[in-house]
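Side-chain atoms are counted along with the backbone in the values below, which use heavy atoms only and exclude waters and symmetry mates.
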Amino acid sequence: MKTKITELLQIEYPVFQGGMAWVAEHKLAAAVSNAGGLGIIGAASAPPEVVREEIRKCKELTDKPFGVNIMLLNPNAEDVAKIVVEEGVKAVTTGAGNPGKFMELWKNAGVKVIPVVASVAMAKMMERAGADAVVAEGMESGGHIGSTTTMALVPQVVDAVSIPVIAAGGIADGRGMAAAFMLGAEGIQMGTRFVASKESIVHENYKNQIIKAKDIDSVVTGMSTGHPVRSLRNQMTREYLKLEKENADFMELEKLTLGSLRKAVQDGDTVNGTLMAGQIAGLIRREQTCREIIEETVQQAQECIAAQGQHKKYSDR
C-alpha cells in the first residue's frame, strides 16, 4: 500500500501507532514498526535519559523506522528534541504546542516532523513552520481531545494544506482506514486498538475494559478546566463529573486524577485509574498482535476500496 506517507517515511503501510503516555514504550513501537507501520515512543513527561534509553531499546528490537512523540509543554521538551537528533530517530510527532523552535534542528538532521493538530488553523500554522505532514485528530480519540469530529476535521485540513494528512480519532479497522482515504488522508493513526494489542504493556484489566466496552462507554472529563480528556466510564469519571457539576476548583479535580493513568496502565486499577480510550473501543473485541492488527486493517481497507470501485463501475453504466 503506497501513499505519500509510506514514501515520506519509507514504511510499508501508512499506519501510525499513537504516542500514548505510559503506553507507547519501546516494545510496542518496535512491534508496530516490524509489522510495517510507524511505531511511536511516547516521551510524555519522562526524564530525557529515560527517553534515550527507550529509543536505544527500540533500536535493538527493530531496524525499521520509528518515531518519538514529544509533548511540547513538557519542561524537558528541548532536551528530548536534541536526543531525537543524537539517536538518529527518523520521525517526530508533536502535541501541546508549536514545534517551530526545534524545526531547524530537526530539519538539518533529516528528521520528519509531523505535528498532531485539532484545527485547520493549527494545521496551516504547522505547514508554515515547516512540518512534513500533520496528524488531524478528531474528538472521538482517547486521551486529550479537541472539539471537532474526525469526519468534519480531516477533509477541511486536507483542503487547507498541501502537505500529507494522517487521520486519527475513531479509527480501529479497515473501514475507518478506507473512509479516511475517501476524506483525502494519506494514512491513519490508531491508539485504542494498539492499547489492546498483545505487545502492549498495559495491564490486562485495562485491556479487558476496552474489549468489553460498548459504543456509549466513553466519557469526557475536564471540560470545565479547558483540558478535556476522553476515557472509559468508571467510579473516578463519575466522581470527577459530579465535582465538575458542583463547580469544584481546579486543584480538587487535579487531586482526583493525579497519577491515575499510571494506576490504570501499570496497576490495572479500573476503579480509580484513568482508562484513556476512544469512542471506537466498542469495535475492539479481542487482543491481537500488532502484525495481525495492521495486516487485517490494511486488507479490509483494500477490500472496501475495491468494492467501492466495483460499485462505481456498475453505477456508471
Side-chain angles (χ1 to χ4, degrees), residues 1-19 29 32-40 62 64-70 84 89-95 99-100 103 106-138 141 150-191 194 293-295 297-306 308-309:
M1 185 179 271
K2 295 275 175 266
T3 74
K4 287 176 184 170
I5 287 299
T6 61
E7 286 168 18
L8 179 72
L9 297 166
Q10 297 300 297
I11 55 179
E12 197 176 345
Y13 302 120
V15 178
F16 285 26
Q17 157 249 315
V32 170
S33 289
N34 283 332
L38 186 78
I40 296 173
T62 186
K64 304 279 178 69
F66 64 89
V68 171
N69 175 263
I70 300 177
V84 159
V89 173
K90 302 292 184 213
V92 163
T93 61
T94 65
M103 206 60 91
W106 287 335
K107 288 293 192 179
N108 290 342
V111 179
K112 304 301 180 198
V113 185
I114 308 173
V116 179
V117 301
S119 70
V120 167
M122 186 59 87
K124 287 163 93 168
M125 193 192 299
M126 294 300 101
E127 182 177 36
R128 282 196 303 272
D132 294 282
V134 289
V135 176
E137 185 174 70
S141 63
T150 304
M151 179 71 92
L153 179 66
V154 172
Q156 293 184 71
V157 170
V158 167
D159 285 355
V161 298
S162 57
I163 53 178
V165 175
I166 296 106
I171 302 171
D173 69 2
R175 291 171 295 179
M177 186 180 205
F181 287 157
M182 294 297 139
L183 296 174
E186 295 280 341
I188 60 164
Q189 177 171 286
M190 296 192 289
F194 286 122
I293 289 168
I294 291 175
E295 289 180 356
T297 299
V298 169
Q299 186 184 343
Q300 190 183 24
Q302 287 171 329
E303 286 166 4
C304 287
I305 293 162
Q308 181 62 28

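- M177 places a side-chain heavy atom less than 4.5 Å from the side chain of V15.
- Side-chain contact between V154 and V157 is absent, with no heavy atoms from C-beta onward closer than 4.5 Å.
- Of all the heavy atoms in A136 and V165, the pair that sits closest is CB-CG1, 3.9 Å.
- Between the CD1 atom in I40 and the CZ atom in F66 there is a gap of 11.0 Å [rounded to 0.5 Å].
- Put simply, the side chain of M1 reaches to within 4.5 Å of the side chain of P14, judged on heavy atoms.
- Considering only heavy atoms from C-beta on, V113 comes within 4.5 Å of M103 through its side chain.
- Between I166 and T93 there is no side-chain heavy-atom pair separated by less than 4.5 Å.
- Atom NZ of K64 has more than 12 neighbouring heavy atoms from other residues, nucleotides or ligands inside a 6.0 Å radius.
- Put simply, CD1 on I293 and CD on Q17 are 10.0 Å apart, with the number rounded to the nearest 0.5 Å.
- Minimum heavy-atom separation, S33 to G39: OG-N, 3.0 Å.
- In terms of heavy-atom proximity, E186 sits nearest to K4 at OE1-N, 3.1 Å.
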(message) Test side chain to side chain contact (heavy atoms under 4.5 Å, CB included) on T297 and M190; report intermediate values, then the result.
(response) CA-CA 11 Å; T297 299; M190 296 192 289; 3.9 Å; yes

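- Put simply, the side chain of I305 reaches to within 4.5 Å of the side chain of M182, judged on heavy atoms.
- In terms of heavy-atom proximity, Q300 sits nearest to G174 at OE1-N, 2.8 Å.
- Of all heavy-atom pairs between S162 and E127, the closest is OG-OE2, 2.5 Å.
- Residues V134 and M126 approach most closely at CG1-CB, 4.0 Å, considering heavy atoms.
- Rounded to the nearest 0.5 angstrom, L38 CG and T6 OG1 are separated by 11.5 Å.
- Residue pairs meeting the salt bridge (Lys or Arg N to Asp or Glu O under 4.0 Å) criterion with at least one partner in residues 154-171, sequence neighbours excluded, do not occur; the list is empty.
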(message) Checking L9 against I114 for the side chain to side chain contact (heavy atoms under 4.5 Å, CB included) test, could you report, in this order, the C-alpha distance in whole Å, the side-chain angles of both residues, the deciding distance, and whether it holds?
(response) CA-CA 11 Å; L9 297 166; I114 308 173; 4.1 Å; yes

(request) Go through the steps for T94 and W106 under the test side chain to side chain contact (heavy atoms under 4.5 Å, CB included), then give the verdict. (result) CA-CA 12 Å; T94 65; W106 287 335; 4.0 Å; yes

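- With rounding to the nearest 0.5 angstrom, the CG atom of L153 is 12.0 Å from the CE atom of M151.
- In this structure, the side chain of K107 engages the main chain of G130 through a donor-acceptor pair within 3.5 Å.
- Taking OG1 of T150 as the reference point, atom CD1 of I188 lies at 11.5 Å (rounded to 0.5 Å).
- The distance from the CG atom of D132 to the NZ atom of K112 is 5.0 Å, given to the nearest 0.5 Å.
- Counting only heavy atoms from C-beta outward, the side chains of V116 and F16 never approach each other to under 4.5 Å.
- Contact check for V111 versus V89: no side-chain heavy atoms found under the 4.5 Å cut-off.
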